[in-house]
Number of protein chains: 2
Amino acid sequence: MIAENDVTQTKPDSPLPETETPRDAASKERLRMWLRMLKSTRRVEAALRDRLRREFGSTLPRFDVMAALARYDDGLKMSALSGVLRVSNGNVTGIVDRLVEEGLVVRVQVPGDRRASLVRLTRKGREAFARQAEAHETWISELLGDVSLDEARMFSDRFDAIIKTDTDPEQTA
Amino acid sequence: MIAENDVTQTKPDSPLPETETPRDAASKERLRMWLRMLKSTRRVEAALRDRLRREFGSTLPRFDVMAALARYDDGLKMSALSGVLRVSNGNVTGIVDRLVEEGLVVRVQVPGDRRASLVRLTRKGREAFARQAEAHETWISELLGDVSLDEARMFSDRFDAIIKTDTDPEQTA
DNA sequence: CAAAAAAAGTTTGAGCTTGAAATATATTTT
DNA sequence: AAAATATATTTCAAGCTCAAACTTTTTTTG
């Protein structure tokens, strides 16, 4: 919103501040798009949080952590985990602490290195995650139900481009 | 991820669990799309948070509140504010408290009703927001730079559809 | 090898977020 | 007028989030 006229315009056709260069127009349209993208994402996220809470007594961050661990049978080190999820180290500590309390994951000492530990899903954790993941996929299809297969593919590609535009380290274990 | 075969399939052509109905395919593709959409949104949000913090010592929630207030010269009641932003009541209380401390907004008593108060931007708040909003638009264009005007329009429309699919009260002041 | 640097994790402090409970005030019913 | 109900907002507890500070351990290097 707001954002006056653009000083870098090449053709000052009109002297009024209401002048709109093509650059402005694109900028405004991208802003509009972003606001809608943010709103859509938040809506879907809110719905997911709500269902995860009601139906599984869990949260999205916990789900994210378990999803990451589910992809690595050998477990992940804390630093690798926060790297994969792209959240801060300290953040993951707390979430894993709670998952450990509930018996969904374990911290296994790494033999050679007394600093590090591998975080791994327990059997209970794997089972809980399997149930949640299945529900999760169903919810997404429900929430994005009117997006066709082809359209979804198109969107995925476009989002990939956006992701790649920003710096994308994407480190592994 | 995970999500075994779909029980509701109409044609059990293959007895194996690896069977994939068109319904499965679309479901998986939508999940893929959602994960990318979430990732993109988080990337952009993270970038915005970072810049807002560094350049203005502020946060996205504060910015959101100020943006909402900027659209209502007469101010908004707390309940209307949380309604517009679609966040909990208690949430807004804290954010507004901090904005008041910094002199960016004020709480004005509503004449007829001693329960309610109107939250309004101060001059300082309006000026701060104007600067932030301008930078914000620039950042968005930077972050979504390779999205063309037409493409942005298309995305906007599509997101609108997603938003409309979920319940959309959108109350006003 | 000892000092310095780097790496793995945790802790801390401040802020955001929610849902539920508490408070206060208004309005409606009885 | 008293009681019940509705509305406006705050408080609270639990959890998520980050950046920065801090331990402990390992690796590098002079």
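This is a predicted model, so every value here is computed, not measured. Order of the sequence lines fixes the chain letters, A, B, ..., with proteins taken first and strands second; residue numbering starts at 1 for each chain.
Across D/dT10, D/dA8, C/dT10, the shortest atom-to-atom separation from the side chain of B/Thr93 is found for D/dT10. Of the candidates D/dT26, D/dT9, C/dA26, the closest approach to any side-chain atom of B/Asp113 belongs to C/dA26. In the set D/dT10, C/dG9, C/dG19, the nucleotide with an atom closest to the side chain of A/Ser79 is C/dG9. In this structure, the nucleotide among D/dT17, D/dC18, D/dT10 sitting nearest to the side chain of A/Val87 is D/dC18.
The main-chain N or O of B/Gly103 is found under 3.5 Å from a side-chain atom of B/Thr122 such that the two form a donor-acceptor pair. A donor-acceptor pair is defined here as one N or O able to donate and one able to accept, closer than 3.5 Å; no such pair exists between the side chain of B/Ser117 and the backbone of B/Val108. Judged by distance alone, the side chain of B/Arg30 and the main-chain N or O of A/Ile140 form no donor-acceptor pair under 3.5 Å.
When the P atom of C/dT17 is taken as reference, atom CD1 of A/Ile95 falls 16 Å away, rounded to whole Å. Following rounding to the nearest Å, B/Leu52 (CG) and C/dG15 (P) show an atom-to-atom distance of 15 Å. We find that CG of B/Asn89 is positioned 13 Å from C1' of C/dA21, with the value rounded to whole Å. Distance, B/Asn91 CG to D/dT10 P: 12 Å, rounded to whole Å. Note: CZ (A/Arg62) to P (C/dT18) measures 17 Å, nearest angstrom. Atom pair A/Leu85:CG and D/dT17:C1' shows a separation of 13 Å (rounding to whole Å applied). Rounded to whole angstrom, the span from the NZ atom of A/Lys77 across to the P atom of C/dA7 amounts to 11 Å. Put simply, CG on A/Leu81 is 15 Å from C1' on D/dT17, counting in whole angstrom units.
Under a 4.0 Å N-O distance rule, the pair B/Arg131/B/Glu127 does not qualify as a salt bridge. Salt-bridge annotation for A/Arg42 and A/Glu45: absent, with no side-chain N of the basic residue lying under 4.0 Å from a carboxylate O of the acidic one.
Within the 4.0 angstrom heavy-atom criterion, no nucleotide atom of any strand lies near B/Leu60. When heavy atoms are screened at a 4.0 angstrom cut-off, B/Arg53 is found touching the sugar-phosphate backbone but no base atom. Counting any heavy atom pair closer than 4.0 Å across all strands shown, B/Gly94 reaches no nucleic acid atom. Residue B/Val92 is out of contact with every strand shown, counting any heavy-atom pair closer than 4.0 Å. As judged by a 4.0 angstrom heavy-atom cut-off over every strand, B/Arg42 is placed among residues making no nucleic acid contact. Residue contacts for A/Arg107: at a heavy-atom cut-off of 4.0 Å it reaches the sugar-phosphate backbone alone, with no base atom in range.
In this pair, A/Phe155 and B/Phe155 present their aromatic rings perpendicular. The plane angle is above 60°, beyond the 30 to 60° band.
Comparing B/Ser117 and B/Asp50 by the nucleotide of DNA chain D whose heavy atom lies nearest to each, the residue mapping closer to the 5' end is B/Ser117. Take the nearest nucleotide of DNA chain C for A/Leu118 and for B/Arg114: the residue whose nucleotide is more 5' is A/Leu118.
Side-chain N/O atoms of B/Arg115 and base N/O atoms of D/dT7 include a donor-acceptor pair closer than 3.5 Å.
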